[in-house]
Amino acid sequence: MRGGPPQWWRHGPVWWDRWEAGERAPRLPWRSTVVVTAFVLVGSQFAAHGQEGERAALDPFARVLLLLAGALLLGRKRYPVAVVFGTAGAVMLYLGAGYPYGPVLLTVALACFSAIVAGHRWAAWAAMGTLWAGHALVAHWLYLWLPPSGDSAASWGEEIVVATWVVAIAAVSELFRIRREQWARERAERAEAARRRADAERLRIAQELHDVLAHSISVINVQAGVGLALLDSDPEQARTALTTIKAQSKEALGEVRQVLDTLRAPGDAPRAPAPGLDRLPELVEQAASAGLTVDVEGEPPRLAPGTDLAAFRIVQEALTNVVRHSGSRHARVRLAHDADVLRLRVDDDGLATGADAGGSGNGLAGMRERAAALGGTIEAGPRPDGGFRVLAVLPLTAPADVEEDR
């Protein structure tokens, strides 16, 4: 069994998420206000019987003050400052008039709690301090002129008890306020982490779609050109080109469908395993159908799934760029590794026929993003002796967070 505090204590109650997210505006707390007000009215009546002869009896004015102190709590979420000062004033009048101590103090406590939790801590402390100072003034000086008649000064021990009560209420409110701020920070961090995961997933899907479509459409484009050129002079070769187009488009549709399935059900496991360097012979065969001869040197080591996919896509993109942007009809793929890293090198010896033999736009950027996500690097550029080179250095073990996303 896992230890630690329950989920609601670590991250806050469920209703607080809806409150903070603004899914609903603060409503007037009718139910709690009615319950508290009824408790104050009934409880004060019992308190009056218990303090009969010591404090003034409850009269209509006392009940109006009790009702007012309770009714003010209706606005404690929308106007916490006004409510905490209003309840403190009503209770001060109530106690100054000599009425019994009792549940009326609960209204000030609740108003103080709401104000501090809402962030108006100094207003709450000021209201409570004013109430305590006013009570001390009445209990030790103004009692001579205020009801009940014949009343004597309160002991300072009682004032210490009242002060302790005030501090305890404020301290509990402060504790809840601090906890609430922690909940807010944790929710913000979780939301930011979710946004980062969503951005990373969108980037991954964009990379997958780009790599799949760019490679397949490049092969299809080359084969379509071959088919059109040989349609009349060599119908059999044109038929072979069309067969290649059909097979390549079918494979591309399958891979695109697999990527889109992850969008429809992101929590489900993929229906087919992600491609890796074990499919390198397929890339060589597809490149050959596009008129590019590819020599492969070296054997791939055992790789983590994320690294294996990235290595496959990097080789695929590099060969696609050779087909699209280079005049070379020959490319070399070299695999080398040691205990920690895999080195992938793709060379061609042709002249650029496009803007850049290495491709432009999203191709190289996607390769660099894949390598960087694994803690690796990509170097791409012209070779001193002509042609173009792509060199990828990837760690043999992908970071845990990358593996979890696959």
Side-chain angles (χ1 to χ4, degrees), residues 8-13 15-22 24-33 35-37 39-40 65-97 99 101-142 154 156-189:
W8 71 266
W9 177 251
R10 290 197 299 269
H11 304 305
W15 56 265
W16 203 274
D17 282 330
R18 296 198 299 270
W19 184 282
E20 291 294 324
R24 58 178 183 180
R27 297 178 180 177
L28 295 178
W30 288 99
R31 295 178 182 175
S32 59
T33 300
V35 171
V36 171
T37 302
F39 176 76
V40 168
L65 290 176
L66 293 173
L67 186 61
L68 175 63
L72 284 172
L73 294 176
L74 198 60
R76 66 182 183 273
K77 292 182 179 178
R78 295 185 180 181
Y79 314 104
V81 174
V83 169
V84 73
F85 278 105
T87 53
V91 172
M92 189 67 254
L93 283 175
Y94 177 87
L95 297 179
Y99 297 120
Y101 296 100
V104 66
L105 298 175
L106 177 63
T107 60
V108 186
L110 187 54
C112 174
F113 179 86
S114 298
I116 290 179
V117 168
H120 304 285
R121 53 193 308 194
W122 295 116
W125 280 96
M128 296 290 282
T130 301
L131 176 60
W132 178 80
H135 178 269
L137 186 65
V138 170
H140 295 278
W141 182 40
L142 296 180
W156 284 105
E158 293 179 2
E159 293 304 319
I160 294 176
V161 171
V162 173
T164 302
W165 176 82
V166 170
V167 172
I169 292 174
V172 171
S173 303
E174 288 284 358
L175 177 62
F176 192 85
R177 179 189 63 81
I178 292 171
R179 191 60 193 166
R180 178 195 181 217
E181 292 176 354
Q182 292 176 346
W183 290 338
R185 285 195 298 270
E186 290 167 359
R187 281 191 296 274
E189 290 170 359

Identify each donor-acceptor pair in which a side-chain atom of residues 83-96 lies under 3.5 Å from a protein atom, sequence neighbours left out, and give them as a table.
unit_1, atom_1, unit_2, atom_2, d
T87, OG1, V83, O, 2.9
T87, OG1, V84, O, 3.1
Y94, OH, P100, O, 2.9

Return a table of donor-acceptor pairs under 3.5 angstrom between the side chains of residues 107-115 and protein atoms on other chains or two or more places apart.
unit_1, atom_1, unit_2, atom_2, d
T107, OG1, V104, O, 2.6
S114, OG, L110, O, 3.1

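Identified under the salt bridge (charged side-chain N to carboxylate O under 4.0 Å, His left out) test for residues 119-131, with sequence neighbours left out: R121-E174. Sorted by first then second residue, the salt bridge (charged side-chain N to carboxylate O under 4.0 Å, His left out) pairs that include residues 80-92, not counting sequence neighbours, number zero.
By the side-chain contact (heavy atoms from CB on, under 4.5 Å) test, R31 pairs with no residue at all, sequence neighbours left out. In terms of the side-chain contact (heavy atoms from CB on, under 4.5 Å) criterion, L175 has no residue partners (sequence neighbours excluded).
Contact of the T37 side chain with the L73 side chain is not registered, since no non-hydrogen atoms from C-beta on lie closer than 4.5 Å.
For the atom pair CG (L28) and NZ (K77), the distance works out to 9.5 Å, reported to the nearest 0.5 Å. Between the CD atom of E186 and the CZ atom of R179 there is a distance of 5.5 Å, given to the nearest 0.5 Å. Atoms CH2 and CG, on W30 and L74 in that order, are 4.5 Å from each other to the nearest 0.5 Å.
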> W125 and M128: side chain to side chain contact (heavy atoms under 4.5 Å, CB included), yes or no, with the steps?
Replying inline: CA-CA 5 Å; W125 280 96; M128 296 290 282; 5.8 Å; no
